[in-house]
Structures are given as structure tokens and as C-alpha cells.
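Notes to accompany the following structure.
Keep in mind the model is a prediction, meaning the values are calculated, not measured.
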Amino acid sequence: MANNGLGLMGALKTRMQWHQARQKLLAENVSNADTPRFKPHDLRAPSPAGGGTTLAQTSPMHLGLSGQRGGFDPRDPKRFETTPSANSVNLEDEMMKVAQNQSDYQLAASLYSKSLGLMKIAIGKGR
């Protein structure tokens, strides 16, 4: 099967849709910060379709595959505080997730836009 660049476009589109859904979920977490017994939710990142590119740690000096430093894991449920109303939403954590999600979405959208531009140039419709 020839790699014509359309797989990349599909992956970027899926990634942008995932970031949109995650942004909605994170906004719900923030809006329910004062709701008793509310527990924050998050989405699992989509896996590459068809056994796509995977990451490998080629040197022990590199960051771990999770991208975290010093053994810090933001998904560790023990690090979240629970308020007396049994609500475990930490606004600082949620806002950091929102900012990172927005940045990742903008990167995917930029790559998608550049890929479209390259395709237009390739078929003679660009510039």
C-alpha cells in the first residue's frame, strides 16, 4: 500500500476531533468544581490506527515515553485532593489540562492546514 499522505490527514483529523471532545469534558469538570461528589473525567488518547508509528526511548537520558519527568504522573489518583463535599476536581490541574489540550489541538490544526497546502501545491492549485 502506497503512503500518499492521506493517512496522516486522517490521523490529524481524528486527533483534532479527540481534542474537541476532550475540551468539552474538561470544561464540564471545571463547571462542576463545586458539585458535591463530582469526580473529574478525562479521555484516553486515541491509539494509532493500523499499528502506526510508536515511540521508543533510545537513551536512558531521554524523557520517559509518558513525557513526564521525575516519576510525576498526573493521572495518579492519590495526588488529587478531595474536598469535604467529596468533590475531587482540582481547578489548577484541570486548567493545566485545558491549556495543554488547546496547545495540542492548535498544533494538529496547523499540521493539517500545512498538509492541505502541500496537497494543493502538488496538484497545481496552490500559489
Side-chain angles (χ1 to χ4, degrees):
M1 180 167 90
N3 184 359
N4 56 10
L6 295 178
L8 173 64
M9 299 290 288
L12 289 171
K13 184 177 177 183
T14 299
R15 193 65 176 193
M16 290 187 320
Q17 290 169 341
W18 177 80
H19 283 297
Q20 289 172 339
R22 185 174 188 230
Q23 190 73 13
K24 181 180 179 210
L25 201 59
L26 293 173
E28 289 173 4
N29 290 347
V30 171
S31 68
N32 285 300
D34 292 331
T35 303
R37 293 180 298 283
F38 181 82
K39 299 204 183 314
H41 300 90
D42 205 347
L43 290 180
R44 181 178 302 144
S47 61
T53 305
T54 59
L55 298 176
Q57 187 174 5
T58 57
S59 168
M61 298 300 289
H62 294 162
L63 290 175
L65 296 179
S66 66
Q68 300 301 322
R69 303 169 200 239
F72 173 76
D73 185 2
R75 296 164 292 165
D76 182 10
K78 294 180 285 189
R79 73 178 207 87
F80 296 111
E81 60 188 51
T82 301
T83 61
S85 67
N87 182 316
S88 58
V89 175
N90 185 317
L91 283 177
E92 291 83 10
D93 288 337
E94 295 302 314
M95 294 310 291
M96 285 177 38
K97 289 178 191 177
V98 165
Q100 183 63 49
N101 190 59
Q102 179 181 10
S103 176
D104 292 346
Y105 177 85
Q106 288 174 343
L107 174 63
S110 177
L111 289 172
Y112 189 83
S113 176
K114 295 289 183 185
S115 295
L116 282 177
L118 288 173
M119 289 181 130
K120 286 180 181 178
I121 289 171
I123 61 173
K125 300 256 181 186
R127 294 191 192 222

Inset, instruction - State, yes or no, whether a side-chain contact exists between L91 and V30 at a heavy-atom distance under 4.5 Å. - result: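 They are in side-chain contact.
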Legend entry - Qualifying ring pair (Phe, Tyr, Trp, His ring centres under 6.0 Å) pairs with a residue from residues 17-40, counting only residues at least two apart or across chains: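 Listed once each, the pairs are F38-H41.
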Compile the donor-acceptor pairs under 3.5 Å between side chains in residues 106-119 and protein atoms, sequence neighbours left out, one pair per line.
residue : atom : partner : partner atom : Å
S115    : OG   : L111    : O            : 2.9

Legend entry - Minimal non-hydrogen separation, A33 against N87, with atom names: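 In terms of heavy atoms, the two residues are closest at O-ND2, 2.9 Å.
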Legend entry - Partner set under salt bridge (charged side-chain N to carboxylate O under 4.0 Å, His left out) for D42, not counting sequence neighbours: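 With neighbours one apart ignored, the set is R22, K97.
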Nearest 0.5 Å, what's the [atom1]-[atom2] distance between [X] and [Y]?
X	Y	atom1	atom2	answer
Q100	M96	CD	CE	8.5 Å
D104	Q23	CG	CD	10.5 Å
Q102	L26	CD	CG	11.5 Å
T35	N29	OG1	CG	10.5 Å

Inset, instruction - Look at the side-chain heavy atoms of Ile, Leu, Val, Met, Phe, Trp and Tyr, link any pair under 4.5 Å apart, and say whether M95 and L25 land in one connected group. - result: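 Each belongs to a different hydrophobic cluster.
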